[in-house]
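Comments concern the structure below.
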2 protein chains.
Amino acid sequence: MRGEALRGHLDLLLLAAVRARPAHGYAIIENLRLRSGGNLNLPEGTVYPALHRLERAGLLKSRWSEASGRRRRTYEVTERGLTELRAQEQDWREFSRAVEGVLEGST
Amino acid sequence: MRGEALRGHLDLLLLAAVRARPAHGYAIIENLRLRSGGNLNLPEGTVYPALHRLERAGLLKSRWSEASGRRRRTYEVTERGLTELRAQEQDWREFSRAVEGVLEGST
DNA sequence: CCTTGATACATAGCGTTGCTAGGTATATTA
DNA sequence: TAATATACCTAGCAACGCTATGTATCAAGG
(Lines give C-alpha, C1' and ligand atoms only; values in the text may rest on other atoms or scores of the structure.)
Protein backbone atom coordinates (compact mmCIF):
# COMPACT_ATOMS: atom_id res chain seq x y z
CA MET A 1 0.00 0.00 0.00
CA ARG A 2 1.37 3.37 -1.11
CA GLY A 3 2.68 5.80 1.50
CA GLU A 4 0.08 8.26 2.60
CA ALA A 5 -2.94 6.62 1.02
CA LEU A 6 -4.48 5.78 4.36
CA ARG A 7 -4.41 9.34 5.58
CA GLY A 8 -7.88 10.48 6.49
CA HIS A 9 -9.45 7.03 6.09
CA LEU A 10 -8.07 5.27 9.11
CA ASP A 11 -11.02 5.97 11.39
CA LEU A 12 -13.44 4.65 8.80
CA LEU A 13 -11.47 1.43 8.49
CA LEU A 14 -11.15 0.88 12.21
CA LEU A 15 -14.81 1.62 12.93
CA ALA A 16 -15.91 -0.66 10.10
CA ALA A 17 -13.61 -3.46 11.21
CA VAL A 18 -14.88 -3.28 14.77
CA ARG A 19 -18.51 -3.09 13.66
CA ALA A 20 -17.95 -6.24 11.58
CA ARG A 21 -16.47 -8.04 14.55
CA PRO A 22 -15.72 -6.60 17.97
CA ALA A 23 -12.10 -7.45 18.66
CA HIS A 24 -8.89 -6.46 20.39
CA GLY A 25 -6.28 -4.33 18.66
CA TYR A 26 -4.02 -7.07 17.48
CA ALA A 27 -6.96 -8.97 15.98
CA ILE A 28 -8.27 -5.82 14.33
CA ILE A 29 -4.96 -5.52 12.51
CA GLU A 30 -5.28 -9.15 11.42
CA ASN A 31 -8.88 -8.69 10.30
CA LEU A 32 -7.99 -5.65 8.24
CA ARG A 33 -5.20 -7.56 6.56
CA LEU A 34 -7.50 -10.44 5.71
CA ARG A 35 -10.49 -8.42 4.58
CA SER A 36 -8.31 -6.27 2.36
CA GLY A 37 -6.71 -9.18 0.61
CA GLY A 38 -3.41 -8.45 2.31
CA ASN A 39 -3.25 -4.85 1.16
CA LEU A 40 -3.90 -3.22 4.51
CA ASN A 41 -0.92 -3.89 6.74
CA LEU A 42 -1.33 -1.38 9.51
CA PRO A 43 1.53 -1.10 12.00
CA GLU A 44 0.69 -1.24 15.70
CA GLY A 45 2.01 2.28 16.14
CA THR A 46 -0.76 3.39 13.84
CA VAL A 47 -3.60 1.33 15.21
CA TYR A 48 -3.23 1.51 18.99
CA PRO A 49 -3.09 5.29 19.26
CA ALA A 50 -6.00 5.53 16.83
CA LEU A 51 -8.12 3.16 18.90
CA HIS A 52 -7.38 5.22 22.00
CA ARG A 53 -8.37 8.37 20.18
CA LEU A 54 -11.61 6.81 18.98
CA GLU A 55 -12.43 5.67 22.48
CA ARG A 56 -11.70 9.11 23.92
CA ALA A 57 -14.00 10.51 21.26
CA GLY A 58 -16.75 8.16 22.44
CA LEU A 59 -16.95 6.24 19.16
CA LEU A 60 -15.55 3.02 20.59
CA LYS A 61 -15.67 1.48 24.02
CA SER A 62 -13.35 -1.19 25.38
CA ARG A 63 -13.09 -3.73 28.14
CA TRP A 64 -10.12 -5.72 29.36
CA SER A 65 -10.16 -9.49 29.28
CA GLU A 66 -7.67 -12.32 29.47
CA ALA A 67 -7.04 -15.09 26.97
CA SER A 68 -4.34 -17.76 27.35
CA GLY A 69 -2.42 -15.75 29.87
CA ARG A 70 -2.35 -12.57 27.80
CA ARG A 71 -4.44 -9.52 28.51
CA ARG A 72 -6.54 -8.08 25.73
CA ARG A 73 -8.46 -4.91 25.28
CA THR A 74 -11.54 -5.68 23.24
CA TYR A 75 -13.34 -2.90 21.42
CA GLU A 76 -16.86 -2.43 20.20
CA VAL A 77 -18.60 0.43 18.44
CA THR A 78 -20.82 2.76 20.45
CA GLU A 79 -24.10 4.25 19.30
CA ARG A 80 -22.36 7.49 18.44
CA GLY A 81 -19.66 5.48 16.72
CA LEU A 82 -22.24 3.84 14.50
CA THR A 83 -23.66 7.19 13.49
CA GLU A 84 -20.19 8.52 12.78
CA LEU A 85 -19.31 5.40 10.83
CA ARG A 86 -22.34 5.78 8.61
CA ALA A 87 -21.40 9.40 7.95
CA GLN A 88 -17.84 8.45 7.10
CA GLU A 89 -19.04 5.69 4.84
CA GLN A 90 -21.08 8.26 3.00
CA ASP A 91 -18.01 10.52 2.77
CA TRP A 92 -15.93 7.65 1.44
CA ARG A 93 -18.45 6.91 -1.30
CA GLU A 94 -18.45 10.55 -2.31
CA PHE A 95 -14.70 10.79 -2.32
CA SER A 96 -14.36 7.53 -4.18
CA ARG A 97 -16.86 8.60 -6.82
CA ALA A 98 -15.09 11.94 -7.13
CA VAL A 99 -11.76 10.26 -7.81
CA GLU A 100 -13.32 7.84 -10.26
CA GLY A 101 -14.95 10.78 -12.01
CA VAL A 102 -11.56 12.39 -12.52
CA LEU A 103 -9.90 9.14 -13.62
CA GLU A 104 -12.60 8.26 -16.13
CA GLY A 105 -12.28 11.54 -17.94
CA SER A 106 -8.56 11.08 -18.37
CA THR A 107 -8.23 7.57 -19.80
CA MET B 1 -15.20 16.79 1.23
CA ARG B 2 -14.03 15.57 4.63
CA GLY B 3 -10.80 16.91 6.13
CA GLU B 4 -7.84 14.73 5.33
CA ALA B 5 -9.46 12.53 2.72
CA LEU B 6 -7.29 13.90 -0.06
CA ARG B 7 -4.05 13.08 1.71
CA GLY B 8 -1.94 10.84 -0.44
CA HIS B 9 -4.19 11.07 -3.48
CA LEU B 10 -3.48 14.60 -4.62
CA ASP B 11 -0.79 13.72 -7.14
CA LEU B 12 -3.03 11.13 -8.73
CA LEU B 13 -5.82 13.65 -9.13
CA LEU B 14 -3.60 16.36 -10.55
CA LEU B 15 -1.83 14.05 -12.98
CA ALA B 16 -5.14 12.59 -14.14
CA ALA B 17 -6.72 16.02 -14.55
CA VAL B 18 -3.80 17.27 -16.62
CA ARG B 19 -3.72 14.11 -18.72
CA ALA B 20 -7.41 14.58 -19.46
CA ARG B 21 -6.83 18.15 -20.53
CA PRO B 22 -3.58 20.11 -20.33
CA ALA B 23 -4.44 23.30 -18.52
CA HIS B 24 -3.21 26.06 -16.23
CA GLY B 25 -3.56 25.81 -12.47
CA TYR B 26 -6.70 27.80 -12.07
CA ALA B 27 -8.42 25.77 -14.78
CA ILE B 28 -7.20 22.51 -13.26
CA ILE B 29 -8.99 23.46 -10.06
CA GLU B 30 -12.14 24.17 -12.07
CA ASN B 31 -11.87 20.90 -13.98
CA LEU B 32 -11.47 18.90 -10.79
CA ARG B 33 -14.51 20.58 -9.33
CA LEU B 34 -16.58 19.80 -12.42
CA ARG B 35 -15.40 16.24 -12.97
CA SER B 36 -15.99 15.40 -9.31
CA GLY B 37 -19.51 16.69 -9.29
CA GLY B 38 -18.52 19.58 -7.08
CA ASN B 39 -16.94 17.41 -4.40
CA LEU B 40 -13.33 18.30 -5.07
CA ASN B 41 -12.83 21.92 -4.13
CA LEU B 42 -9.08 22.23 -3.90
CA PRO B 43 -7.71 25.51 -2.55
CA GLU B 44 -5.01 27.26 -4.56
CA GLY B 45 -2.58 26.89 -1.68
CA THR B 46 -2.90 23.15 -2.18
CA VAL B 47 -2.73 23.01 -5.94
CA TYR B 48 -0.01 25.47 -6.90
CA PRO B 49 2.71 24.07 -4.64
CA ALA B 50 1.74 20.56 -5.73
CA LEU B 51 2.05 21.45 -9.40
CA HIS B 52 5.49 22.91 -8.75
CA ARG B 53 6.51 19.78 -6.91
CA LEU B 54 5.29 17.57 -9.74
CA GLU B 55 7.17 19.66 -12.26
CA ARG B 56 10.35 19.50 -10.19
CA ALA B 57 9.87 15.75 -10.07
CA GLY B 58 9.70 15.68 -13.86
CA LEU B 59 6.14 14.39 -14.00
CA LEU B 60 4.68 17.60 -15.42
CA LYS B 61 6.12 20.28 -17.64
CA SER B 62 4.81 23.81 -18.05
CA ARG B 63 4.99 26.79 -20.37
CA TRP B 64 3.88 30.36 -19.85
CA SER B 65 1.29 31.94 -22.08
CA GLU B 66 -0.97 34.94 -22.06
CA ALA B 67 -4.76 35.04 -22.38
CA SER B 68 -6.83 38.22 -22.19
CA GLY B 69 -4.08 40.17 -20.46
CA ARG B 70 -3.42 37.57 -17.81
CA ARG B 71 -0.44 35.27 -17.73
CA ARG B 72 -1.00 31.57 -17.41
CA ARG B 73 1.22 28.63 -16.72
CA THR B 74 -0.10 25.69 -18.69
CA TYR B 75 0.85 22.18 -17.66
CA GLU B 76 1.03 18.88 -19.47
CA VAL B 77 2.06 15.40 -18.38
CA THR B 78 5.53 14.13 -19.31
CA GLU B 79 6.38 10.60 -20.36
CA ARG B 80 7.58 9.81 -16.86
CA GLY B 81 4.45 11.45 -15.52
CA LEU B 82 2.32 9.09 -17.56
CA THR B 83 4.14 6.07 -16.21
CA GLU B 84 3.81 7.36 -12.67
CA LEU B 85 0.14 8.13 -13.21
CA ARG B 86 -0.55 4.59 -14.36
CA ALA B 87 1.21 3.24 -11.29
CA GLN B 88 -0.77 5.51 -9.00
CA GLU B 89 -4.00 4.54 -10.72
CA GLN B 90 -3.16 0.95 -9.96
CA ASP B 91 -2.45 1.86 -6.35
CA TRP B 92 -5.75 3.70 -6.11
CA ARG B 93 -7.68 0.67 -7.39
CA GLU B 94 -5.97 -1.53 -4.85
CA PHE B 95 -6.60 0.86 -2.00
CA SER B 96 -10.19 1.39 -3.06
CA ARG B 97 -10.84 -2.35 -3.28
CA ALA B 98 -9.21 -2.82 0.11
CA VAL B 99 -11.50 -0.26 1.72
CA GLU B 100 -14.55 -1.74 0.01
CA GLY B 101 -13.53 -5.15 1.24
CA VAL B 102 -13.53 -3.89 4.80
CA LEU B 103 -16.82 -2.03 4.40
CA GLU B 104 -18.62 -4.96 2.84
CA GLY B 105 -17.83 -7.26 5.70
CA SER B 106 -19.23 -4.82 8.22
CA THR B 107 -22.66 -3.97 6.81
C1' DC C 1 17.02 -24.46 29.34
C1' DC C 2 17.13 -20.87 26.36
C1' DT C 3 16.34 -18.54 22.35
C1' DT C 4 13.26 -17.22 18.76
C1' DG C 5 8.84 -15.92 17.05
C1' DA C 6 4.11 -14.94 17.67
C1' DT C 7 0.78 -12.64 20.46
C1' DA C 8 -0.52 -8.34 22.82
C1' DC C 9 -0.11 -3.92 24.61
C1' DA C 10 1.86 1.08 24.84
C1' DT C 11 3.90 5.83 23.52
C1' DA C 12 7.42 9.59 22.35
C1' DG C 13 8.83 12.01 18.65
C1' DC C 14 9.51 12.50 13.66
C1' DG C 15 8.33 13.64 8.85
C1' DT C 16 5.16 14.39 5.28
C1' DT C 17 1.94 17.13 3.29
C1' DG C 18 -2.28 19.72 2.54
C1' DC C 19 -4.21 24.01 4.05
C1' DT C 20 -4.69 28.77 5.99
C1' DA C 21 -3.55 33.21 5.39
C1' DG C 22 -1.45 36.48 3.19
C1' DG C 23 0.30 38.83 -0.98
C1' DT C 24 0.51 40.60 -6.27
C1' DA C 25 -1.80 41.75 -10.59
C1' DT C 26 -5.30 42.29 -14.48
C1' DA C 27 -10.06 42.31 -16.51
C1' DT C 28 -14.93 42.72 -15.92
C1' DT C 29 -19.17 44.12 -13.83
C1' DA C 30 -22.03 47.00 -10.71
C1' DT D 1 -14.71 53.00 -8.09
C1' DA D 2 -15.63 49.19 -5.64
C1' DA D 3 -16.30 44.46 -5.93
C1' DT D 4 -15.76 40.04 -8.18
C1' DA D 5 -13.48 36.76 -11.01
C1' DT D 6 -9.36 35.30 -13.01
C1' DA D 7 -4.53 33.97 -12.21
C1' DC D 8 -0.39 33.42 -9.91
C1' DC D 9 2.71 32.76 -5.55
C1' DT D 10 4.70 31.23 -0.73
C1' DA D 11 5.69 30.97 4.45
C1' DG D 12 4.45 28.62 8.18
C1' DC D 13 1.14 25.77 10.65
C1' DA D 14 -1.28 21.62 12.08
C1' DA D 15 -2.78 17.07 11.61
C1' DC D 16 -1.71 12.51 11.77
C1' DG D 17 0.25 8.09 10.55
C1' DC D 18 4.63 5.77 11.22
C1' DT D 19 9.22 4.44 13.13
C1' DA D 20 11.48 3.00 16.91
C1' DT D 21 11.46 1.29 21.18
C1' DG D 22 9.84 -0.76 25.29
C1' DT D 23 7.16 -4.30 28.27
C1' DA D 24 5.14 -8.96 28.92
C1' DT D 25 3.36 -13.84 28.05
C1' DC D 26 3.28 -18.27 25.57
C1' DA D 27 4.74 -21.92 22.24
C1' DA D 28 8.16 -24.22 19.65
C1' DG D 29 12.81 -25.64 18.49
C1' DG D 30 17.42 -26.55 19.29
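Residue numbers start from 1 in every chain, and the chains themselves are labelled A, B, ... in the order their sequence lines are given, proteins ahead of strands.
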Item to check | Spacing of B:Arg71 atom CZ relative to D:dA7 atom P, expressed in whole Å | outcome: 12 Å
Next on the checklist: I need the CG-P distance between A:Leu42 and D:dC18, as an integer number of Å.
Outcome noted: 6 Å
Checklist outcome for this item: DNA chain D nearest-nucleotide lookup for A:Gly69 and A:Asn41: closer to the 5′ end is A:Asn41
Checklist entry - Is the shortest side-chain N/O distance from A:Tyr26 to OP1 or OP2 of C:dT7 below 4.0 Å? => result yes
Next on the checklist: In whole Å, I'd like the distance from the CD1 atom of A:Ile28 to the P atom of C:dA8.
Outcome noted: 12 Å
Item to check | Selected nucleotide, minimal atom distance to B:Leu6 side chain, candidates C:dT11, C:dG18, D:dG17 | outcome: C:dG18
Checklist entry - Which of the following nucleotides, D:dA7, C:dT16, C:dA10, is nearest to the side chain of A:Tyr48? => result C:dA10
Checklist entry - OP1, OP2 of D:dA15 versus side-chain N and O of A:Arg53: anything below 4.0 Å? => result no
Checklist outcome for this item: Which of C:dC19, C:dA10, C:dT16 is nearest the side chain of B:Arg7? It is C:dT16
Checklist entry - Under 4.0 Å between a side-chain N or O of B:Arg70 and OP1 or OP2 of C:dA27? => result no
Checklist entry - At under 4.0 Å, does any side-chain N or O of B:His9 touch on OP1 or OP2 of C:dG18? => result no
Checklist entry - Roughly how many Å is it from CZ in A:Arg33 to P in C:dA8, rounded to a whole number? => result 12 Å
Checklist entry - In Å, rounded to the nearest 0.5 Å, how long is the span from CG of A:Leu10 to CZ of B:Arg7? => result 13.5 Å
Item to check | Per A:Trp64 side chain, nearest of listed nucleotides C:dC9, D:dC8, D:dT10 | outcome: C:dC9
Checklist entry - Quick one: CG on A:Leu14 to CG on A:Asn31, what's the gap to the nearest 0.5 Å? => result 11.5 Å
Checklist outcome for this item: Only one of B:Arg73, B:Arg63, B:Lys61 passes salt bridge (Lys or Arg N to Asp or Glu O under 4.0 Å) with B:Glu55, and that residue is B:Arg73
Item to check | Integer-rounded Å distance: D:dT6 P and B:Ile29 CD1 | outcome: 11 Å
Checklist outcome for this item: Separation of C:dT17 atom C1' from B:Leu51 atom CG, nearest Å, is 15 Å
Checklist outcome for this item: Exactly one of B:Glu89, B:Glu76, B:Glu79, B:Glu84 clears salt bridge (Lys or Arg N to Asp or Glu O under 4.0 Å) with B:Arg19, and that residue is B:Glu89
Item to check | Separation of C:dG18 C1' from B:Leu54 CG (nearest whole Å) | outcome: 13 Å
Next on the checklist: In this structure, how many angstroms lie between the P atom of C:dA8 and the CG atom of A:Asn31, rounded?
Outcome noted: 11 Å
Next on the checklist: Distance criterion of 3.5 Å, no angle test: do you see the side chain of A:Glu4 paired donor-to-acceptor with the base of D:dC16?
Outcome noted: no
Item to check | CA sep, side-chain torsions, deciding dist, call: B:Glu30, B:Arg33, salt bridge (charged side-chain N to carboxylate O under 4.0 Å, His left out) | outcome: CA-CA 5 Å; B:Glu30 277 303 303; B:Arg33 178 160 32 237; 2.5 Å; yes
Checklist entry - Is the phosphate of D:dA7, meaning OP1 or OP2, less than 4.0 Å from a side-chain N or O of B:Arg72? => result yes
Item to check | Sugar-phosphate, base or nothing in reach of A:Gly45, heavy atoms under 4.0 Å | outcome: base
Checklist entry - Looking for any heavy atom pair under 4.0 Å, which part of the strands does B:Ser68 touch: base, sugar-phosphate only, or nothing? => result sugar-phosphate
Item to check | Sub-4.5 Å side-chain heavy-atom contact between A:Tyr48 and A:Pro43 | outcome: no
